[in-house]
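Remember, it's 1-based here, ligands and their atoms both numbered in the order they're listed. Note that these values count all heavy atoms, side chains included, but never hydrogens, waters or copies made by symmetry.
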Amino acid sequence: MHDNSQFEVIIIGGSYAGLSAAMTLGRSLKKVLVIDSGKPCNRFTPHAHNFITQDGKKPAEISALARQQVAQYDTVSFHNDLATQGAKTEYGFEIQTNLGQTFTAQKLLFATGIKDILPDIDGFTECWGKTVIHCPYCHGYEVRGRKTGIFVNDESAVDFYKIISNWTDSIIILTNGKATFDQAELQEREILVMENTVTYLEHEEGSLKKIVLDSGQTHALDALYFRPPFVQHCAIPQQLGCTINESGHIEVDDFQKTSLPGVFAAGDCTTPFRSLAIASAQGNKAAAMLNHELIMGEHA
Ligand SMILES: Cc1cc2nc3c(=O)[nH]c(=O)nc-3n(C[C@H](O)[C@H](O)[C@H](O)COP(=O)(O)OP(=O)(O)OC[C@H]3O[C@@H](n4cnc5c(N)ncnc54)[C@H](O)[C@@H]3O)c2cc1C
């Protein structure tokens, strides 16, 4: 009889990285539990792009299909819940959840993503993922040639401007306060840098119309780029002692191993290169390495 609380691998986070890993491990006949709290970072965007075979689909459609495909492997179980605590045990790891469940496994994979921190400006959250966007590879094509702002106030502003100018030549920079970087190169290119505080974003159901500044000035815009600061979505890796690097990501090696033996991580929680393709690829690789360790009998 199966023990429904003991697994070879617990995957925390059942989105693109986690489901991709679950498929590889399921196909490797491993007894796996996927614990997921159902809050992927791209849930605000109506359409996902730049993921081959899925271009333009709704994110929830892509992950529902992924989950359906993974569910066909009967060694994989799902638990919809929030993992709240993790501990090292004699034989591996123990995970506790919000609903009071305790699960154990020989190995862990964190595919828990990150939480974006948006500024407290009216309209920002409503437009996030629709016309306030973080990545030109995901959404730049859809707003090519349109009136575009970049919300940035650090040394990355000039490079950010150059990258976005690949998609549009109508660009202004919004620093939302006194600019803290050298503007010489932008001035040479006659790029408008607006240093006023942004009061709100005027929009219709997330479709940006204009930004309104504290001076009362307005500026019509169709799109606004913003690379948000973030926190790890899940605190357990850090609690367990996994190294978090300077950029705030879980440190992993080329095989997605964290600094803690037996603990792997994949997807957005490990890298600034945020994409469905990269998250899926990392989950796939982590799972192959986890399977390898299990076969070779490498203990945590
Ligand atoms: C607004 C937006 C739009 C984007 N658009 C695109 C696009 O068009 N194309 C593209 O390629 N990429 C896009 N991306 C990037 C892409 O969405 C991410 O790279 C991808 O979602 C990362 O997958 P992941 O599995 O690492 O993390 P996520 O998809 O964020 O999933 C993490 C999962 O872990 C779960 N979780 C976290 N902590 C716990 C816990 N303690 N217990 C249980 N579960 C937990 C969460 O609920 C979530 O389901 C976009 C990102 C954003 C923010």
May I ask you to identify the nearest protein heavy atom to [atom], giving residue, atom name and distance to one decimal place in Å?
atom                    : result
atom 34 (O) of ligand 1 : Gly13 CA, 3.2 Å
atom 28 (P) of ligand 1 : Ser15 OG, 3.6 Å
atom 50 (C) of ligand 1 : His134 CE1, 3.4 Å
atom 17 (O) of ligand 1 : Asn42 CB, 3.2 Å

How does [X] reach ligand 1, by side chain, by backbone, by both or by neither, if only non-hydrogen atoms under 4.0 Å count?
X      : value
Asp116 : side chain
Ile12  : side chain
Ala111 : backbone

To the nearest 0.5 Å, atom OG1 of Thr102 lies from atom CD of Glu94 at 5.5 Å

Hey, could you give me the NZ/CD1 distance between Lys31 and Ile10, rounded to the nearest 0.5 Å?
10.0 Å

Evaluating non-hydrogen atoms only, which member of [options] is closest to [atom]?
atom                    : options                      : answer
atom 23 (O) of ligand 1 : Gly38, Pro46, Ser275, Ala279 : Ala279
atom 39 (C) of ligand 1 : Ala235, Cys41, Pro40, Ser37  : Ser37
atom 4 (C) of ligand 1  : Glu142, Gln232, His139       : His139

If you measure every N/O of [X] against every N/O of ligand 1, is any gap under 3.5 Å?
X      : value
His49  : yes
Gly267 : no
Ala48  : no
Asp36  : yes

For the hydrophobic clusters of this structure (ILVMFWY residues joined by side-chain heavy atoms under 4.5 Å, transitively), does one cluster hold both Ile172 and Ile164?
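In one cluster with Ile172: Ile164, no.
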
Counting only N and O atoms by type, is there a donor-acceptor contact under 3.5 Å from the side chain of [X] to the main-chain atoms of [Y]?
X      : Y      : value
Lys285 : Asp254 : yes
Asp268 : Ala279 : no
Gln232 : Cys269 : yes
Asn176 : Val198 : yes

Which ligand 1 atoms does [X] reach within 4.0 Å, using its non-hydrogen atoms?
X      : answer
Arg274 : 15 (C), 19 (O), 53 (C)
Gly129 : 1 (C)
Thr112 : 32 (C), 34 (O), 37 (C), 38 (N), 39 (C)
Cys234 : 38 (N), 41 (N)

Measure from NZ or CZ of Lys115 to the centre of the six-membered ring of Phe230, then state whether that distance is under 6.0 Å and the direction lies within 45° of the axis.
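The answer is no; the distance or angle limit is not met.
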
Find out whether the Lys NZ or Arg CZ of Arg67 is both under 6.0 angstrom from the six-membered ring centre of Phe78 and within 45° of the ring's axis.
yes

So is [X] touching ligand 1 or not, going by heavy atoms under 4.0 Å?
X      : result
Thr84  : no
Phe44  : no
Gln282 : no

So does Asp120 have more than 12 non-hydrogen atoms from other groups sitting under 6.0 Å from CG?
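No, because the 6.0 Å sphere around CG of Asp120 holds 12 heavy atoms or fewer from other groups.
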
Whether Arg227 and Asp154 form a salt bridge (side-chain N of Lys/Arg under 4.0 Å from carboxylate O of Asp/Glu) is what I want to check.
no

Walk me through it: do Phe103 and His79 pass the test ring-ring contact (aromatic ring centres under 6.0 Å, His included)?
CA-CA 10 Å; Phe103 301 104; His79 181 68; 5.0 Å; yes

